[in-house]
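Step one of this worksheet: look at the structure below.
The basis for the numbers below is simple: all heavy atoms, side chains too, and nothing from hydrogens, waters or symmetry mates.
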Amino acid sequence: MSTAGMTTRETNDFMAMESELVQRIQAAVADQKPAVHVLTSADLADVREELQKVPAVHVIYGGYRVVEAQGTKWRLAHKWLIVAAVRNVAQGQSGSAARREAGQLSALATAAVAGESLPGATRASALVTPPPARYSKGFQYLPSALEVETIFAKPQP
């Protein structure tokens, strides 16, 4: 949880943690059958729901909030959504089979990144309240939300 040795450009990069989160989740789901896809917003752009790859975990940047201003430095809390996405039409009306699968996948993915020290972060990642789950045409989406704090500094000329 140190920024020692990192440049201001590196610590200011809001998307720098995306690849780290993806790698940790990929490692956590590597032995799952069927194979789990770990996808980012870029991977999901313009993909129609019925053609998406599932089972999957979506890693999506959810913006930040300013925690504290310190002159030309700001402590920021970045939100990352970790969304388990599955399709299971068994028990389609209730969606219970899809919910069960999503719950198991969400637990694996969330455990891989919650409470972890990530490069550039000032403290371990923390779980925060996610948006609600959603069920649509056999697809179950179950989000977890993670907060990661960083220091954003105005670059010095």
- For the pair Asp43 (side chain) and Thr40 (backbone), establish whether a donor and an acceptor sit closer than 3.5 Å, ignoring hydrogens and angles. yes
- Message: Do Leu127 and Val83 sit in one hydrophobic cluster, given that two such residues count as connected whenever their side-chain heavy atoms are within less than 4.5 Å of each other, even indirectly?
- Response: no
- Verify side-chain contact (heavy atoms from CB on, under 4.5 Å) between Val113 and Ile82, making sure each step is shown before the conclusion. CA-CA 9 Å; Val113 293; Ile82 310 300; 4.2 Å; yes
- Query: Is the side chain of Gln140 donor-acceptor paired with the backbone N or O of Arg134 at a distance under 3.5 Å, no angle test?
  - Reply: yes
- May I ask you to decide if Ala107's main-chain N or O and Thr110's side chain share a donor-acceptor pair within less than 3.5 Å? no
- Task: Could you walk me through whether Leu81 and His58 pass side-chain contact (heavy atoms from CB on, under 4.5 Å), step by step?
- Result: CA-CA 8 Å; Leu81 300 177; His58 303 164; over 6 Å; no
- Item | Donor-acceptor pair, side chain of Ser125 and main chain of Leu146, under 3.5 angstrom | no
- Do the side-chain N and O atoms of Glu147 and Tyr64 include a donor-acceptor pair separated by under 3.5 angstrom? no
- Quick one: does Gln32's side chain have a donor or acceptor within less than 3.5 Å of a partner on Val29's backbone? no
- Query: Sub-3.5 Å donor-acceptor pair from the side chain of Thr7 to the main-chain atoms of Glu10, do we have one?
  - Reply: yes
- Message: I'd like to know whether Trp74 forms a side-chain contact (heavy atoms from CB on, under 4.5 Å) with Glu68, so could you lay out the CA-CA distance, the side-chain angles of the two residues, the decisive distance to 0.1 Å, and finally the verdict.
- Response: CA-CA 6 Å; Trp74 297 265; Glu68 179 182 15; over 6 Å; no
- Item | Verdict with reasoning, Ile25 to Gln23, per side-chain contact (heavy atoms from CB on, under 4.5 Å) | CA-CA 5 Å; Ile25 294 168; Gln23 289 172 19; over 6 Å; no
- Item | Within-4.5 Å side-chain heavy-atom neighbours: Trp80 and Ile60 | no
- Leu105, Leu21: one ILVMFWY side-chain cluster at the under-4.5 Å cut-off? yes
- Query: Looking at Lys79, His78, Glu18, which hits side chain to side chain donor-acceptor pair (under 3.5 Å) with Tyr61?
  - Reply: His78
- Message: Is any side-chain heavy atom of Val54 closer than 4.5 Å to one of Phe139?
- Response: yes
- Query: Quick one: does Asn12's side chain have a donor or acceptor within less than 3.5 Å of a partner on Lys154's backbone?
  - Reply: no
